[in-house]
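No hydrogens, no waters, no symmetry mates; every other heavy atom, side chains included, goes into these values. One-based numbering along the sequence shown. Counting starts at 1 for both ligands and their atoms, in listed order.
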Amino acid sequence: MQTRTLGTTGPAVSALGLGAMGMSGAYGEADRAESIATVHAALETGVTLIDTGDFYAMGHNELLIAESLRGRDRDGYQLSVKFGMMRGPGPEFGGMDGRPEAVKNFLAYSLTRLGTDHIDIYRPARLDPAIPIEETVGAIKEMIDAGYVRHLGLSEVDAATIRRAHAVHPVADLQIEYSLISRAVEADILPTLRELGIGLTAYGVLSRGLISGHWSVGHTAGPGDSRGFSPRFSSGNVEHNLALVEALRQVADAKGCTVAQLAIAWVAAQGDDIVPLVGARTRERLAEALPAMDLILTADDLADIEKAVPPGAARGDRYPSAFMSGLGAGN
Ligand SMILES: NC(=O)c1ccc[n+]([C@@H]2O[C@H](COP(=O)([O-])OP(=O)(O)OC[C@H]3O[C@@H](n4cnc5c(N)ncnc54)[C@H](OP(=O)(O)O)[C@@H]3O)[C@@H](O)[C@H]2O)c1
């Protein structure tokens with residue numbers, strides 16, 4: 001596994017990261033033993049960057065990660081943790097809490113659940129519109145100075161917010177959705193990151209499985225699977241979007257790889273400052289994803305891919321309407 005450095009001040013991490021959200025129910029029921037085996041398989045193949053969030057099933061995901069990593073050398077992996085998204089006892093989300101005192105409170109709980117004395121990259125999951133970003137990241141800077149956090153990260157914020165946060169403390173990376181069908185970051189956000197020397201960790205590179213080549217029109221999201229609320233998976237849009245995947249499949253077939261590998265490799269090819277996260281929750285899916293990092297895409301390949309899936313070709317927003325206003329970039 002190659003490594004990539006997150007921005008000019010961030011850590012060197014595996015060129016592919018593992019996102020653990022799906023291991024705690026975001027895509028319906030997940031198999032705990034298989035999730036843990038997937039984390040182990042990732043570490044054994046050199047994946048060192050593991051992404052989680054304290055609100056992924058209310059701490060469940062952090063506890064699962066802690067169990068998976070028990071007994072391992074703490075310097076052998078990097079934990080990226082998102083915080084601040086408020087939950088309720090049911091499936092509801094209650095907005096963001098980015099108050100400085102809340103930052104420290106969330107961090108204390110995460111450190112305990114993860115069973116570690118520090119988090120490698122700590123980031124607010126979204127901007128709290130009621131709190132200036134300077135205050136939220138100022139609290140993280142304090143936690144960096146105190147040794148509890150190594151690096152500041154951001155998630156789904158716009159270019160102006162990135163600049164304001166970076167003026168308080170150097171930002172290692174922005175985590176944001178970036179895929180063949182979600183390219184809004186290319187307009188302002190990616191140039192801003194490059195100007196400031198900030199890395200990008202890309203999530204949703206398979207658009208939650210939609211462009212993985214494994215989703216089909218008849219496939220419906222099961223209970224608790226957030227894809228059941230996603231406009232891109234909804235009837236009327238999914239047929240259009242899967243036609244794009246079929247066009248991509250032709251390019252993948254010609255290249256001798258799978259659709260998922262092509263989609264991951266495309267994101268990785270957009271720059272050495274970009275680290276794709278994949279949301280594999282089984283060893284089988286992970287084993288498919290890993291070879292993507294060895295796939296070399298030529299200029300002709302990139303042109304064929306963009307011809308199959310031109311920018312803006314997908315139908316439907318990338319989040320349900322209630323969540324769209326909290327995003328740093330559009331579709
Ligand atoms: N900052 C943010 O706002 C934010 C938002 C969302 C996610 N994230 C982070 O980013 C990570 C990845 O995001 P994501 O879950 O949306 O990722 P994704 O990689 O786009 O989608 C993951 C889903 O794709 C399907 N899939 C099919 N083939 C696959 C393959 N070869 N490898 C991996 N997955 C395959 C899997 O579904 P099946 O298992 O059902 O086949 C899997 O659950 C999350 O785990 C989380 O840590 C961050």
Nearest non-hydrogen protein atom to atom 35 (C) of ligand 1, with distance, is Leu206 CD1, 3.5 Å
Logged contact type for Tyr319 with ligand 1, heavy-atom cut-off 4.0 Å, is side chain
Problem set entry | Arg208 to Tyr319, cation-pi by 6.0 Å centre distance and 45° axis angle | yes
task: Report yes or no: is the cationic atom of Arg87 (NZ for Lys, CZ for Arg) under 6.0 Å from the centre of the six-membered ring of Phe93, at an angle within 45° of the ring normal?
output: yes
Evaluate side-chain contact (heavy atoms from CB on, under 4.5 Å) for Thr161 paired with Leu154, printing each intermediate quantity in order.
CA-CA 9 Å; Thr161 305; Leu154 295 171; 5.6 Å; no
(message) Check for me whether Arg126 has a heavy atom closer than 4.0 Å to any atom of ligand 1.
(response) yes
Any heavy atom of His214 under 4.0 Å from ligand 1? The part involved is side chain
Closest non-hydrogen contact found for Ile131 with Gly98 is CG2-O, 3.5 Å
So for Ala125 against ligand 1, with non-hydrogen atoms under 4.0 Å, the contacting part is neither
Quick look: Ser155 vs ligand 1, heavy-atom contacts under 4.0 Å, and the answer is side chain
Out of Tyr27, Phe323, Tyr203, the nearest non-hydrogen contact to atom 16 (O) of ligand 1 is supplied by Tyr27
re atom 21 (O) of ligand 1, the protein heavy-atom contact at minimum distance is Arg208 CA, 3.2 Å
(request) Flag Val278 as yes when one of its N or O atoms lies below 3.5 Å from any N or O atom of ligand 1, and as no otherwise. (result) no
shortest atom 13 (O) of ligand 1-to-protein heavy-atom contact is with Gly204 N, 3.6 Å
Do the non-hydrogen side-chain atoms of Leu277 and Val205 ever get within less than 4.5 Å of each other? no
If you scan protein heavy atoms around atom 31 (N) of ligand 1, the nearest is Glu288 OE1, 2.8 Å
**Item:** Short side-chain to backbone donor-acceptor contact, Arg318 and Gly330, under 3.5 Å
**Value:** yes
Between Pro291 and Ala287 the two heavy atoms that sit nearest each other are CD-O, 3.0 Å
The protein heavy atom nearest to atom 42 (C) of ligand 1 is Gly279 O, 3.3 Å
Note: Lys82, heavy atoms under 4.0 Å from ligand 1, region reported as side chain
In this structure, atom 26 (N) of ligand 1 is nearest to the protein heavy atom Arg285 NE, 3.9 Å
re atom 47 (O) of ligand 1, the protein heavy-atom contact at minimum distance is Asp51 OD2, 2.6 Å
(message) Please determine whether any non-hydrogen atom of Trp215 lies less than 4.0 Å from an atom of ligand 1.
(response) no
Would you say His219 contacts ligand 1, with heavy atoms under 4.0 Å as the rule? no
Short version for Arg227: what comes under 4.0 Å of ligand 1, heavy atoms counted, is side chain
Counting heavy atoms under 4.0 Å, the part of Arg281 that contacts ligand 1 is side chain
Do Tyr148 and Ile119 have side chains that get closer than 4.5 Å, going by heavy atoms? no
Does any N or O in the side chain of Ser35 come within less than 3.5 Å of the main-chain N or O of Asp31, such that one atom is a donor and the other an acceptor?
-> yes
| Are the side chain of Arg249 and the backbone of Val259 linked by a donor-acceptor contact shorter than 3.5 Å? | no
Going by the 4.0 angstrom heavy-atom rule, the piece of Ser179 near ligand 1 is neither
The protein heavy atom nearest to atom 44 (C) of ligand 1 is Met21 CB, 3.6 Å
Looking at Gln175, Arg123, Glu284, the heavy atom closest to atom 1 (N) of ligand 1 belongs to Gln175
Output yes when a side-chain donor or acceptor of His40 lies under 3.5 Å from a complementary backbone atom of Ser68, and no otherwise.
yes
Q. If only atom types and distance count, is the side chain of Gln261 paired as donor or acceptor with the main-chain N or O of Thr258 below 3.5 Å?
A. yes
Check ion pair Arg163-Glu195 (N to O, under 4.0 angstrom)
yes
